[in-house]
Asks: 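Let me give you the structure first, and then I'll get to my questions.
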Amino acid sequence: MDEELCPLWAPDGSPEVLDGAWFGIYDADAPLVEIELHESMPPVAIAQGLGQTKFGTARFVWNSAVRLSRCLAGLMLRQASSDPPGTSAAPLLAFELGSGTGVCAAALALALRSVARPCEVLATDLPQSLPLLVNTARRNRLEGVLRPAVLDWNEALAAARACSETAFDRHDFDIGASGAEASWPQLASADLIFGADITFSAPLRRLVLELLVRACSAGAVAILAHEDRDDQVDLRSALEVALAGEDIRWAELDELEGGGGGAQDVLIFVFAAADCAKLRPGGVLSSLGQMLQGRWLE
């Protein structure tokens, strides 16, 4: 295989060859990728499913996922350093959409483990991607912390619409065994929801943004990484349309604020309700709330 090319899926489902570097793949030829997150912690190790087309685009580590991984690690370390000494926090409940290899979920869990902070991370994707997530959890010794789960976005959104008046709490986050199905109750009870490169088409944007609006209205904070490719609609404009009339604010993290590293064309967006308790002083993500003071857009 030419080192500049990698097999991906065409819109009609047939294989085609695209320029991996342009398309946003971090390293299309490495069976094992190690991503440096922060000087104070070990790298996250990811086995890519090279040559295994059954995994589709999920088998690669993408530039947007690298950027988000470093962003999440930086934010978790910043939060730990800002908490008062002796703080005994409840586990951070984190939920990843479209996990692929699970690099972002693993990065968050590794960062919190490095500062002895508890967390529970649901890494969700389609059923065929679960072996990648299981491998990442085992390779980074995160079994029991990072739990792979199946999530159908359409089913989750239908459930969200059907029970819009139902309140969920932390007890609803548990899905039991790894590999089980996740749904709206887990999204609605999460502290933090995140995803990388899951807004690259109009249908996906509509699904993702409505899910995030509903989850943020229930109290979650959401962080998205989006690679700004030449053929894409400007996500900022799409956000203004999707969030019009909603009580949800959004802001953009720059390179330094996000923890450093990653492609320059990858944008990081944060979403939260205007009265989000998790971003207030004493909240589980208070350092992020402090960082974004005066930066919110509505």
Asks: Group every Ile, Leu, Val, Met, Phe, Trp and Tyr by side-chain heavy-atom contacts under 4.5 Å, then state whether L207 and L239 land in the same group.
Replies: yes
Asks: Which residues pass the ring-ring contact (aromatic ring centres under 6.0 Å, His included) test with F269, sequence neighbours left out?
Replies: W250
Asks: Can you tell me which residue pairs pass the side chain to side chain donor-acceptor pair (under 3.5 Å) test with a partner in residues 277-292, sequence neighbours excluded?
Replies: Q79-S286, Q79-S287
Asks: Taking only residues two or more places apart in sequence or in another chain, which ones pass side-chain contact (heavy atoms from CB on, under 4.5 Å) with V145?
Replies: A109, C119
Asks: Run the side-chain hydrogen bond (donor to acceptor under 3.5 Å, both in side chains) test against D174 and tell me which residues pass, sequence neighbours left out.
Replies: R147
Asks: Tell me, please, which residues at least two apart from R113 pass side-chain hydrogen bond (donor to acceptor under 3.5 Å, both in side chains).
Replies: none
Asks: Name all residues meeting the side-chain contact (heavy atoms from CB on, under 4.5 Å) criterion together with A273; count only those two or more places apart in sequence or in a different chain, and write none if there are none.
Replies: I248, D275
Asks: Does V66 share a hydrophobic cluster with L133, counting links as ILVMFWY side-chain heavy atoms below 4.5 Å and allowing steps through other members?
Replies: no
Asks: Inspect the contact between R295 and E252 and indicate whether a charged nitrogen and a carboxylate oxygen are less than 4.0 angstrom apart.
Replies: no
Asks: Okay, side chain of R67, backbone of V266: is any donor-acceptor separation there less than 3.5 Å?
Replies: yes
Asks: Taking only residues two or more places apart in sequence or in another chain, which ones pass side-chain contact (heavy atoms from CB on, under 4.5 Å) with A159?
Replies: S183, W184
Asks: Spell out, yes or no, whether F95 and L130 are grouped together once hydrophobic residues are joined by side-chain heavy atoms under 4.5 Å, including indirect joins.
Replies: no
Asks: Side chains of S189 and D172: donor-acceptor distance under 3.5 Å anywhere?
Replies: no
Asks: My understanding is that a hydrophobic cluster links ILVMFWY residues whose side chain heavy atoms are under 4.5 Å apart, including indirect links. Using that, what else belongs to the cluster containing V241?
Replies: none
Asks: S99: what forms a side-chain hydrogen bond (donor to acceptor under 3.5 Å, both in side chains) with it, not counting sequence neighbours?
Replies: E96
Asks: Return the set of residues passing side-chain contact (heavy atoms from CB on, under 4.5 Å) with P43 (not counting sequence neighbours), or none when no residue passes.
Replies: E34, E36
Asks: Is there a donor-acceptor contact under 3.5 Å from the side chain of N140 to the main chain of L142?
Replies: no
Asks: Does the D191 side chain pair with the main chain of L93, one donor and one acceptor, at a distance under 3.5 Å?
Replies: yes
Asks: Using modelled atom types only, decide if a donor and an acceptor are shared between the side chain of R170 and the backbone of P91 within a distance under 3.5 Å.
Replies: yes
Asks: Would you list the pairs meeting salt bridge (Lys or Arg N to Asp or Glu O under 4.0 Å) in which at least one residue belongs to residues 124-140, sequence neighbours left out?
Replies: none
Asks: For residues 210-221, which residue pairs qualify under salt bridge (Lys or Arg N to Asp or Glu O under 4.0 Å), counting only residues two or more places apart or in two chains?
Replies: R161-E210, E210-R214
